[in-house]
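First the structure, in the form of structure tokens, and then the observations on it.
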Amino acid sequence: MVVTTKEFASFLKKKGFVYQSSEIYGGLAGFYDYGHLGTKLKHNFEDVWRKFFLTLNDNFYEIETAQIMHENVFKASGHLENFVDPVVKCSQCDFTERADHLIEDATKKRCEGISPEQLTAIIAKHGLICPQCKAQFQPVTIINMMFPVHAGVGMSQKSFLRPETAQSPYVNFKLQYEILRKKLPLGLAIIGKAFRNEISPRNLTLRQREFTQAELQIFFNPHIINTHPDFDSVKNYTLRTLLVDDRKKGKVVGRTAAELIKHKLPQFYVYHLVKVQQFYLDELQIPPEKFRLYQLDDTEKAFYNKYHFDIEIDLTEYGFTEIGGLHYRTDHDLAGHQHVSKEKMEVLDEDSGKRFIPHVLEISVGVDRSVYALLDVAYTEDTLRGNVVLQLSSKLTPFFCAIFPLVKNKPELVRKAEELYDSIKNCYSCFYDQTSSVGRRYARADEVGVRYCITVDFDSLEDDSVTIRDRDTTKQERIKINDVKNTLFSLYFK
Ligand code: GAP
């Protein structure tokens with residue numbers, strides 16, 4: 001059953017996943033808080049991300065860095081000049097909207113990378129007027145999306161909240177390269193906050209002003225771009241692609257990694273496209289038909305990219321939505337930092353004896369958007385059961401298991417259930433519940449995605465066994481209490 005954004009938002013809030021920040025003061029547009037379940041889900045996602053991407057190469061590492069950065073970082077990266085969005089304002093009232101979004105909503109056509117003048121012309125051509133007061137719009141202008149910060153007692157140190165985590169690894173590159181034995185490819189990852197003063201924050205956590213990114217910056221010698229030592233292992237893997245040339249047909253085309261090379265994409269890039277798809281399909285269990293890799297053309301690509309595919313997931317209310325991207329940023333950032341800071345970013349190519357600035361391939365994932373997508377895909381209204389079932393996988397779901405005594409007024413049952421809970425709560429995310437009927441408890445557990453419910457009943461007192469219930473099939477099996485830990489272990493890694 002299709003659920004509206006309003007219903008979904010109300011479910012996410014009621015269950016403690018995510019809701020607007022500062023709500024008791026009326027909320028603050030573009031800022032969200034994760035409750036106890038949302039935080040667990042987000043952390044589980046981050047753990048899965050770390051395990052997958054940081055093990056792609058033994059020379060990939062995670063770092064943690066400051067979120068407020070020197071003004072010159074963004075002079076060097078180009079963000080001060082180029083990190084802008086087109087804004088359209090009503091000539092009569094206070095209505096303000098991102099111009100490209102206004103047009104996209106009205107025409108259902110993407111229009112990234114179009115100049116303010118062209119956007120103004122398109123708005124006039126389609127006769128778009130203010131939805132609030134029906135007045136004409138002013139001409140489209142652009143605004144920088146970064147949040148300036150004035151640090152220090154005299155507020156004299158102009159700095160910015162970083163708009164992407166990426167700049168932190170770039171300014172850390174030279175030091176880490178020296179410490180980490182001067183080897184390329186070198187991966188530096190950050191899971192952390194980014195800040196953007198979005199013109200029209202909307203759609204829950206999909207467009208916020210403060211959000212979390214998981215980004216891996218892979219520094220490599222550009223000479224190897226047409227190779228990857230493991231390419232053979234992925235060459236027959238089929239990617240779900242929508243290349244620029246496929247757009248007219250509008251259909252995803254399955255192409256093997258080897259076929260994509262014929263579309264002038266380098267091996268090093270395609271290998272990582274495969275890894276991105278494997279992460280979403282195999283690790284997160286996003287259904288293949290809801291996933292696609294969308295190639296951006298020259299006008300749409302971010303200002304720093306040579307090759308750019310968006311990672312997209314089909315969301316109930318919004319259709320295919322950008323969740324992340326694979327970006328070949330060349331030496332754009334390191335060269336910029338070398339130029340502005342005067343610190344040498346070059347490293348030695350042992351083969352040629354020449355020095356060069358490493359290039360960067362960036363795997364960029366929006367954590368909040370990925371978590372939203374997981375919830376969207378997992379949310380199922382089960383008409384037979386009469387309740388929502390959140391079909392999150394064992395590794396992602398906030399609680400893997402729950403322990404119930406069948407009834408709460410039988411002390412021996414309660415004691416046995418509590419003992420079982422105490423013996424497993426340090427091994428698996430688990431909760432104990434003895435309130436209301438067991439049927440109601442199963443329904444509550446389904447709604448927050450609990451994968452297995454274990455019930456201690458009257459027979460347990462005789463035979464030391466319990467029932468274990470599978471959330472997705474509702475099937476119940478009887479197992480010995482002594483086997484619970486091992487059974488959960490094999491179910492977790494199934
Ligand atoms: N370092 C590259 C970079 O930041 P981006 O496409 O601007 O690239 C990467 O952002 C991802 O961050 C997006 O694909 C999206 O998932 C997430 N993201 C960007 N802006 C966001 C926002 N306002 N709210 C939530 N997530 C956002």
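Atom set for the values below is all heavy atoms of this structure, side chains included, hydrogens, waters and symmetry mates excluded. Each ligand, and each atom within it, is numbered from 1 in the order the structure gives. Given the structure is predicted, the values throughout are model-derived calculations rather than measurements.
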Aromatic ring centroids of [X] and [Y] under 6.0 Å?
X    : Y    : value
H359 : H332 : no
Y294 : F320 : no
H79  : F303 : yes

Counting each atom of ligand 1 from 1 as listed, which ones have a heavy atom of [X] under 4.0 Å away?
X    : answer
I323 : 14 (O), 15 (C), 16 (O)
Y304 : 2 (C), 3 (C), 8 (O)
H327 : 2 (C), 8 (O)
E215 : 1 (N), 2 (C), 3 (C), 4 (O)
E164 : 1 (N), 2 (C), 3 (C), 4 (O)
E322 : 6 (O), 13 (C), 14 (O)
R329 : 1 (N), 2 (C)

| query | Quick one: does C130's side chain get under 4.5 Å of Q92's, heavy atoms only? | reply |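 They are not in contact (no side-chain heavy atoms under 4.5 Å apart), so the answer is no.
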| field | Close side-chain approach of M146 and R162, heavy atoms under 4.5 Å | value |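 Sidechains of R162 and M146: no contact.
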Residue part near ligand 1, for [X], under 4.0 Å between non-hydrogen atoms:
X    : result
L206 : backbone
E362 : side chain
T205 : backbone

| field | Check: G324 N/O within less than 3.5 Å of ligand 1 N/O | value |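 N/O-N/O distance under 3.5 Å: yes.
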Among all protein non-hydrogen atoms, which one is nearest to [atom], and what is the separation to 0.1 Å?
atom                    : result
atom 9 (C) of ligand 1  : S364 OG, 3.1 Å
atom 24 (N) of ligand 1 : Q208 N, 2.9 Å
atom 17 (C) of ligand 1 : G366 CA, 3.8 Å
atom 18 (N) of ligand 1 : F211 CE1, 3.5 Å
atom 5 (P) of ligand 1  : R196 NH2, 3.8 Å

| request: Please name the pair of heavy atoms, one in N59 and one in L186, separated by the smallest distance, quoted to 0.1 Å. | output: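 Nearest heavy atoms, N59 then L186: O-CD1, 3.5 Å.
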| field | side chain to side chain contact (heavy atoms under 4.5 Å, CB included) partner of Y372, the single match among I313, T205, I323 | value |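 Of all the options given, the one that passes is T205.
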| said: Check the orientation of F279 and F52. Use parallel for under 30°, tilted for 30 to 60°, and perpendicular for over 60°. | reply: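 Ring orientation, 0 to 90° scale: tilted.
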| said: Check the orientation of H337 and Y170. Use parallel for under 30°, tilted for 30 to 60°, and perpendicular for over 60°. | reply: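 Judged by the thresholds at 30° and 60°, the geometry between H337 and Y170 is tilted.
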| request: Mark yes or no: K89 above the aromatic ring of F95, with NZ or CZ under 6.0 Å from the six-membered ring centre and no more than 45 degrees from the axis. | output: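 The answer is no; the distance or angle limit is not met.
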| Atom pair CG/CG of L265 and L326 - distance to nearest 0.5 Å |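 If we round to the nearest 0.5 Å, L265:CG and L326:CG are 10.0 Å apart.
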| If you measure from atom 15 (C) of ligand 1 to every heavy atom of Q217, R369, R162, E312, which option wins on shortest distance? |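 That would be R369.
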| task | With atom 10 (O) of ligand 1 as the reference point, say which of M145, Q213, E210, E198 has the nearest heavy atom. | result |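 Considering heavy atoms of M145, Q213, E210, E198, the nearest to atom 10 (O) of ligand 1 sits in Q213.
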